[in-house]
Amino acid sequence: WGTDGHFTVCRIAQCSLTSNAVWFRFSDSHLQPRLSDAASAAVKKLLPKSAGDDLASLCSWADHVKFRYHWSSALHFIDTPDSLCTYQYDRDCKDDTGEKGRCLEGAIRNYTDQLLSYAKPSQSEYNLTEALLFLSHFIGDVHQPLHVGFTSDKGGNTIDVHWYRRKSVLHHVWDTNMIETAEERFYNEDVEGMIDAIQQNITNSWSDQVTEWETCGRNETTCPDISSPLRLLHLPNVQDTTWKYATEGIKAACTIAYKDVTEDSTLDDNYFLSRLPEIYLRLAQGGVRLAATLNRIFG
Ligand code: DCM
Ligand code: DCM
Ligand code: DCM
Ligand code: ZN
Ligand code: ZN
């Protein structure tokens with residue numbers, strides 16, 4: 001995602017920070033913070049002072065340090081075999097030199113592990129501020145379908161297209177162009193308007209799916225039982241959840257993002273209006289799951 005996509009994911013996760021207007025306009029569940037008290041306190045403690053307790057303001061930090069931390073640029077995506085439309089950690093999670101674990105899922109596992117040392121600070125050898133900023137960014141990226149795309153086109157980066165009259169590449173259409181066009185057309189160029197609309201979808205149209213987004217791991221047989229309090233004993237682990245998110249990503253890339261696009265395609269209203277719902281869904285899932293992940297880490 002570009003800046004606004006990451007901002008949206010982190011804002012949804014830390015949703016107690018939504019504007020006052022929203023707090024008054026809607027009642028009940030919409031207003032409940034997604035983060036537990038412990039997670040909310042840990043996030044505030046780890047954020048640098050300059051962030052003013054606002055995780056969203058630093059959600060693109062990982063993109064800004066790609067050049068300073070050169071090793072980190074391979075951690076923003078996963079390349080899967082062309083046209084297979086499946087994802088496997090052992091097969092696909094490596095960088096272009098073949099080094100294992102150097103991909104989005106490896107990074108999510110790694111920074112989740114680092115943050116688990118928050119409870120025993122004397123033993124922590126990590127910079128947990130950076131770990132939080134990386135993890136929050138990468139849980140966003142794994143929800144951008146083309147960040148779990150094909151190898152030969154680098155997740156749509158080598159597919160030249162026109163976004164309406166302007167030149168772009170398919171990857172950038174999904175990172176940025178569609179979100180910006182939505183903001184211009186529907187929300188007065190204001191990302192907060194789009195975030196409010198997505199938050200409303202989460203509490204209305206998607207409310208019966210949200211528990212499944214938060215709790216289901218790879219083992220889908222644990223999912224139908226979400227109403228049982230016992231499900232809390234079956235919290236998914238990071239491998240299962242990340243596999244699920246990445247698998248959803250490559251499936252959406254195949255059936256929605258790459259679909260009907262070829263080199264030099266012109267993408268306009270037809271593409272925009274039919275794909276935008278998937279963008280909203282993925283941003284919503286990213287936010288809900290970032291919060292659920294931080295709750296699992298910090299208790
Ligand atoms: N930041 C920090 N400590 C870290 C990582 C980041 O205080 N370990 C802060 C410094 C800046 C902001 O994040 O306020 C953006 O950092 P950068 O200048 O690296 O983009
Ligand atoms: N990694 C990182 N910072 C570290 C160690 C590793 O960003 N201090 C990255 C590169 C690793 C990936 O995360 O290959 C997954 O790490 P691991 O295989 O140790 O879980
Ligand atoms: N990217 C990707 N898959 C790749 C290479 C890059 O998803 N195989 C992502 C990372 C950035 C964007 O595409 O979000 C542009 O990458 P770069 O700046 O490395 O060209
Ligand atoms: Zn991208
Ligand atoms: Zn990224």
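Remember, it's 1-based here, ligands and their atoms both numbered in the order they're listed. Since this is a predicted model, take the numbers as computed values, not measurements.
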What I want to check is whether the side chains of R91 and T86 have a donor and an acceptor closer together than 3.5 Å. yes
Can you check whether a protein heavy atom sits less than 4.0 angstrom from atom 7 (O) of ligand 3? yes
contact_flag Q144 ligand 3 heavy-atom lt 4.0 Å: no
Protein heavy atom at shortest distance from atom 15 (C) of ligand 3: N157 OD1, 3.6 Å
Taking atom types as modelled, is there a side-chain donor on E130 or Y111 under 3.5 Å from an acceptor on the other? no
Counting each atom of ligand 3 from 1 as listed, which ones have a heavy atom of L146 under 4.0 Å away? 7 (O)
Strictly by modelled atom types, are T158 and D153 linked by a side-chain donor-acceptor pair under 3.5 Å? no
Is it possible for you to check whether R109 lies under 6.0 Å from the centre of the six-membered ring of Y89, through NZ or CZ, and within 45° of that ring's axis? yes
Excluding waters, which protein N, O or S atoms are within less than 2.8 Å of the Zn ion (ligand 5)? H76 ND1, H137 NE2, D141 OD2
At a 4.0 Å threshold, what atoms of ligand 3 neighbour a non-hydrogen atom of D175? 14 (O)
Could you establish whether H171 and ligand 3 come within less than 4.0 Å of each other, counting only heavy atoms on the residue side? yes
Any donor-acceptor pair under 3.5 Å linking the side-chain atoms of T181 with those of W163? yes
Is there a donor-acceptor contact under 3.5 Å linking the side chains of Y126 and D113? no
Return yes when at least one protein heavy atom is under 4.0 Å from atom 17 (P) of ligand 3, and no when none is. no
Under 4.5 Å between any side-chain heavy atoms of H137 and W61, yes or no? no
Per-atom filter on ligand 3: closer than 4.0 angstrom to a heavy atom of K66 are 11 (C)
Numbered atoms of ligand 3 (with element) below 4.0 Å of D79, judged on heavy atoms: 3 (N), 4 (C), 8 (N)
